[in-house]
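Note sheet for the following structure.
The chains referred to below are lettered A, B, ... by the order of the sequence lines, with proteins before strands, and numbering in each begins at 1.
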Amino acid sequence: NAGVTQTPKFQVLKTGQSMTLQCAQDMNHNSMYWYRQDPGMGLRLIYYSASEGTTDKGEVPNGYNVSRLNKREFSLRLESAAPSQTSVYFCASSPQGREQFFGPGTRLTVL
Amino acid sequence: AQSVAQPEDQVNVAEGNPLTVKCTYSVSGNPYLFWYVQYPNRGLQFLLKYITGDNLVKGSYGFEAEFNKSQTSFHLKKPSALVSDSALYFCAVSPLGLQAGTALIFGKGTTLSVSS
């Protein structure tokens, strides 16, 4: 099993550009999550999907949209990137009743 | 507001000495508690969790954590530190147990530095 995979690993955008961060898991987990990690702030939840077909906002959803494409895939879209969205983005998944499993992260820089 | 506090930004310890990384939480009800570790340029790895039962929980790589309900704390410990334990450690809380879609509330992280 590959676990949780994320693409791309690194990305540099200009202000106003759009992009989609991809996440996939092969563990048959129901729930998936997107977090951002900023220095000194820990991880903050952007969006989550409790199960296929559902998505909900987390703590910091502004400027982002998500799609739960199927049970395996959960993508995060930045429609018009801003420098404040420079961060490391982590996708995670969890089965019912267990801890979350994290991907390796995407390091995004918005100039 | 629900929160997790890791009062130390950095903990320094000599190899072979015991280590403690502190965590306190402010969450209503009976939360589930977790510790994760992050090595440079890597994702988070699960270390251990407390759900119920014995207040001392054992996890990966020789780590353990002690749950104290009266002090709302969940400190991470290891009897003998290794240089390879140097990493960023996160405490996290799940306020609603492990129901589907329950997000974690993370502390800000503590950098552990073990010197040889």
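With a 4.5 Å cut-off on non-hydrogen atoms, Leu88(B) touches chain A through its side chain but not through its backbone. Looking at Leu45(A), only its side chain comes within 4.5 Å of chain B, counting heavy atoms on both sides. Using a 4.5 Å cut-off between heavy atoms, Gln38(B) contacts chain A through its side chain alone, with no backbone atom that close.
Within 6.0 Å of NZ in Lys22(B) there are 12 or fewer heavy atoms belonging to other residues, nucleotides or ligands.
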*Residues Gln100(A), Tyr48(A); criterion side-chain hydrogen bond (donor to acceptor under 3.5 Å, both in side chains); working and verdict*: CA-CA 12 Å; Gln100(A) 295 180 18; Tyr48(A) 67 97; over 6 Å; no
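Contact tally against chain B (heavy-atom pairs below 4.5 Å) for Arg107(A), Gln37(A), Met41(A): the top residue is Gln37(A). Ranked by non-hydrogen atom pairs under 4.5 Å with chain B, the options Gly105(A), Gly58(A), Pro104(A) are led by Pro104(A).
Ring pair Tyr89(B)/Phe63(B): centre-to-centre distance below 6.0 Å.
Between Phe74(B) and Leu48(B) there is a side-chain heavy-atom pair separated by less than 4.5 Å.
Comment: Lys58(B) engages Glu64(B) in a salt bridge, judged by a side-chain N to carboxylate O separation of less than 4.0 angstrom.
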